[in-house]
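For ligands, and for the atoms within them, numbers begin at 1 and follow the listed sequence. Basis for what follows: all heavy atoms, side chains included, without hydrogens, waters or symmetry-related copies.
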Amino acid sequence: MEFTKYHGLGNDFILIDNRDDPEPRITSDQALQLCDRNFGIGADGVIFALPGQEGTDYTMRIFNSDGSEPEMCGNGIRCLGKFLADLEGDNHKTHYRIHTLAGVIIPELKGDGKVRVDMGMPQLSAAQIPTVLAEADQKVINTPIEIADKLWEVTCVSMGNPHCITFVDDADAIPLETIGPLFEHHSVFPQRTNTEFIQVVRPDYIKMRVWERGAGATLACGTGACASVVAGVLTNKSDRICTVELPGGCLDIEWSETDQRVYMTGPAEQVFTGKLSQISG
Ligand SMILES: N[C@@H](CCC[C@H](N)C(=O)O)C(=O)O
């Protein structure tokens with residue numbers, strides 16, 4: 001089976017051409033093996049380009065590196081946009097309507113090589129995130145939660161997948177490997193959560209470190225960057241148009257006042273193609 005490796009700011013994925021079959025060619029257990037950085041190809045996730053449904057061009061499904069299936073992936077959908085264009089060749093489309101478990105998401109290939117994505121509207125009620133940190137129809141903004149003997153004020157946002165955002169003075173000082181899993185698996189998040197630690201450099205420039213559900217510390221998270229700007233606006237800490245600096249580079253995010261949708265612009269690069277010689281499971 002052929003595959004292509006892409007990354008978006010160092011958030012890396014194995015892309016599989018699955019356009020002739022609505023079922024992913026490999027199982028979640030096999031995805032876990034392929035993502036292993038010593039015994040497999042190495043990646044933060046496996047992404048499938050599947051046939052479209054409900055009037056869309058294609059469907060995206062993704063497995064995290066632990067084999068779990070998230071609803072959406074921001075860096076991944078930019079990579080998918082580039083992958084589809086590469087597969088379609090010279091006459092490729094520039095906009096794709098992609099069916100995901102988080103609804104229809106639209107990546108647009110720009111002339112400068114970047115990909116701008118209409119990420120849809122953020123969801124803000126506790127039930128939508130989901131979390132039990134507030135009543136089902138209430139927002140979670142600057143809500144205290146005790147983790148590792150410390151009170152953290154968190155703001156929760158769903159970009160189709162769950163995000164828990166904390167504003168800190170120094171993002172580099174956060175011990176991600178110890179604190180990240182405590183957020184991810186906390187009982188107030190019934191579907192676990194992605195966790196972002198945000199340092200506001202200026203209202204139009206924030207610095208983010210992320211612990212991803214099902215993947216751990218990654219170099220970038222597109223849905224996390226979108227959720228963090230939404231959280232910044234809700235807490236009066238950031239502008240609606242904001243650059244997010246991640247360990248792997250910068251993303252430009254806009255939470256539009258006009259249509260309330262979030263737009264993300266950033267790079268996606270092909271790294272290599274390969275063939276799987278064997279895969280068990
Ligand atoms: N890296 C991604 C998010 C991937 C899914 C996430 N780990 C989850 O389980 O929700 C991004 O760029 O958005």
Side-chain angles (χ1 to χ4, degrees), residues 5-15 24 28 31-32 34-35 42-48 60-83 98 100-103 105-107 114-123 128-131 156-165 176 180-181 183-186 189-198 208-231 244-253 255 262-269:
K5 183 87 188 290
Y6 282 78
H7 78 92
L9 300 177
N11 193 193
D12 59 342
F13 304 98
I14 299 160
L15 277 285
S28 55
L32 188 150
L34 292 182
C35 288
D44 293 323
V46 179
I47 293 177
F48 304 89
M60 174 175 96
R61 284 184 62 187
I62 168 172
F63 291 127
N64 283 319
S65 54
D66 74 349
S68 61
E69 180 168 13
E71 303 81 353
M72 232 307 270
C73 176
N75 290 321
I77 207 155
R78 293 199 318 279
C79 293
L80 179 67
K82 282 274 179 84
F83 182 52
I98 308 289
T100 75
L101 293 178
I105 308 288
I106 307 173
K114 288 193 174 171
V115 184
R116 181 175 194 256
V117 186
D118 173 352
M119 299 282 285
M121 289 187 195
Q123 296 171 315
Q128 287 168 319
I129 283 155
T131 176
C156 296
V157 175
S158 170
M159 290 304 306
N161 57 348
H163 294 272
C164 172
I165 297 106
L176 262 191
F183 277 83
E184 179 183 357
H185 296 282
H186 198 286
F189 300 111
Q191 291 177 19
R192 301 191 279 157
T193 191
N194 298 287
T195 308
E196 287 81 21
F197 298 94
I198 301 295
M208 164 176 149
R209 287 180 73 216
V210 59
W211 180 266
E212 283 195 37
R213 176 181 67 169
T218 59
L219 294 182
C221 177
T223 49
C226 295
S228 297
V229 172
V230 171
V244 182
E245 180 192 316
L246 302 123
C250 289
L251 286 172
D252 293 317
I253 309 294
W255 185 17
V262 181
Y263 297 89
M264 168 191 66
T265 306
E269 314 276 344

Can you tell me how far CD1 of Ile105 sits from CD1 of Ile77, rounded to the nearest 0.5 angstrom?
-> 5.5 Å
Applying a strict 4.0 Å limit to heavy atoms, is Cys221 in contact with ligand 1?
-> yes
Does ligand 1 have an atom that lies less than 4.0 angstrom from a heavy atom of Asn11?
-> yes
Which of these, Cys35, Pro70, Cys73, Ser28, sits in a side chain to side chain contact (heavy atoms under 4.5 Å, CB included) with Asn64?
-> Pro70
How far is [atom] from its nearest protein heavy atom, and which residue and atom is that?
atom	result
atom 4 (C) of ligand 1	Glu212 OE1, 3.3 Å
atom 12 (O) of ligand 1	Gly222 N, 2.6 Å
atom 6 (C) of ligand 1	Asn194 OD1, 3.3 Å

With distance as the sole test, does Arg78 use its side chain to make a donor-acceptor pair with the main-chain N or O of Pro267 at under 3.5 Å?
-> yes
With heavy atoms only and a cut-off of under 4.0 Å, state how [X] meets ligand 1: side chain, backbone, both or neither.
X	answer
Glu71	neither
Asn75	both
Ile62	neither
Cys73	both
Thr223	both

Shortest non-hydrogen contact from [X] toward [Y]:
X	Y	value
Pro107	Val115	CB-CG1, 3.9 Å
Glu184	Glu212	OE1-O, 4.0 Å
Phe183	Cys164	CD2-SG, 3.9 Å

Between Thr218 and Asp44, a side-chain donor and acceptor under 3.5 Å | no
Side-chain H-bond candidate by donor/acceptor type, Thr193 with His186, under 3.5 Å = no
Does the gap between the ring centers of Phe63 and Phe48 come in under 6.0 Å?
-> yes
Enumerate the atoms of ligand 1 whose separation from the nearest heavy atom of Pro70 is less than 4.0 angstrom.
-> 5 (C), 8 (C), 9 (O), 10 (O)
Distance filter under 4.0 Å to Gly74 heavy atoms, resulting ligand 1 atoms | 11 (C), 12 (O), 13 (O)
So is Met72 polar-close to ligand 1, meaning N/O to N/O under 3.5 Å?
-> no
